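Remember, predicted model here, so these are calculated numbers, not experimental data. Position 1 is the first residue of the sequence; numbering continues from there.
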Amino acid sequence: MTPALRNMLHTKRLLITGVVDSASIAHAITVSCLHEGAHVVLAAPPRDLERTLAAAEPLGLDTIQLDVTDPQHWADARRILGERHGVLHGAVHAVAYAPADALDGSMLDTDPSGLDAAFQTSVASYAWLAKLLRGLAPPDGASLVGLHFDAARAWPTYNWMGVCKAALATTNQYLARDLASSNIRANLIAAGPLHTRAASGIPGFSLLLDAWDRQAPLDWDPTDPSPVADAACFLLSDQSRATTGEILHVDAGFHAIATTLASSDQPHTSALNPTP
């Protein structure tokens, strides 16, 4: 994180989802946004509310309850945010879900009963957040930012969540189209693998870390979400005023390289020493 206050987000009012603990990417984004002068409100589903409140308390942040799969929660969120804060200049979508059997093994063996919830949470809620933001955005516009993981290819793990991320990328393009008349931008950040609570639920996560160790041209530290947080600040700020429908890769360049840069027994970076 940049040590000096730059006020890139001065006077901006932002809603950030997905802060469940201090190790989450959303928490790092929150801290960076505060550092840049933003006023931040957190949103959490009932099951995570206590953890989000614990993370919000040291930062002095307002928190609202939001189950992204419940239409009534969206209606309540718009009313509460309007009453308490008036307008929103930006929102961050950092929520995703898939049942364990949808993340590993053969996709053909997944119980389809859990896929509706995965799509509603990981994809459709991005559009509902866009609708919420459009209803509270000022006339001069706003910015919607979502967290992505590169879905251009199949991974050795991730499975149906990879499909959801591919759908999220397409949703982002359509939202860029539909939000433009309200001067609202929609962009995604495709981050490299980071140690979070969500990552701990991905079987074979170490395979992704190994791939980054061999193929990313820049050093990648899976314990440091601050590059992603700083990119989010840029996309939320007026400095990205002509950028929409974009996927900004913050992955040490992994996505640009066709094959490995070093053999598996000679990693090119010393950054990949994940803590237990």
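In the displayed structure, R241 atom CZ is contacted under 6.0 Å by at most 12 heavy atoms of other residues, nucleotides or ligands.
Taking CH2 from W74 and OG1 from T69, the interatomic distance works out to 10.0 Å, rounded to the nearest 0.5 Å. T63 contributes atom OG1, which lies 5.0 Å from atom CG of L53 (distance to the nearest 0.5 angstrom). Note that the CG atom of L188 and the CG atom of N172 stand 3.5 Å from one another [nearest 0.5 Å]. Note that CG of L236 and CG of L14 are 5.5 Å apart. Values are rounded to the nearest 0.5 Å. A distance of 10.5 Å separates OG of S32 from NE2 of H27, quoted to the nearest 0.5 Å.
Partners of R51 according to the salt bridge (charged side-chain N to carboxylate O under 4.0 Å, His left out) rule, which considers only residues two or more places apart in sequence or in another chain, are D48.
Listed here is the closest heavy atom pair of P217 and L261: CA-CD1, 3.7 Å.
Ring geometry for H255 against H249 counts as parallel: the plane angle stays under 30°, on a 0 to 90° scale with 60° as the upper cut. Y158 and F149 have perpendicular rings, their planes meeting at more than 60° on a 0 to 90° scale where under 30° would count as parallel.
Not a single donor-acceptor pair under 3.5 Å links the side chain of N159 to the backbone N or O of G162. A donor-acceptor pair is defined here as one N or O able to donate and one able to accept, closer than 3.5 Å; no such pair exists between the side chain of W212 and the backbone of D219.
With V41 as the fixed residue, the side chain to side chain contact (heavy atoms under 4.5 Å, CB included) test singles out one of I16, L61, L81: L81.
The salt bridge (charged side-chain N to carboxylate O under 4.0 Å, His left out) contacts involving residues 133-151 comprise D150-R153, where partners must be two or more places apart or lie in separate chains.
Side-chain rings of W155 and W160 stay apart, their centers remaining 6.0 Å or farther from each other.
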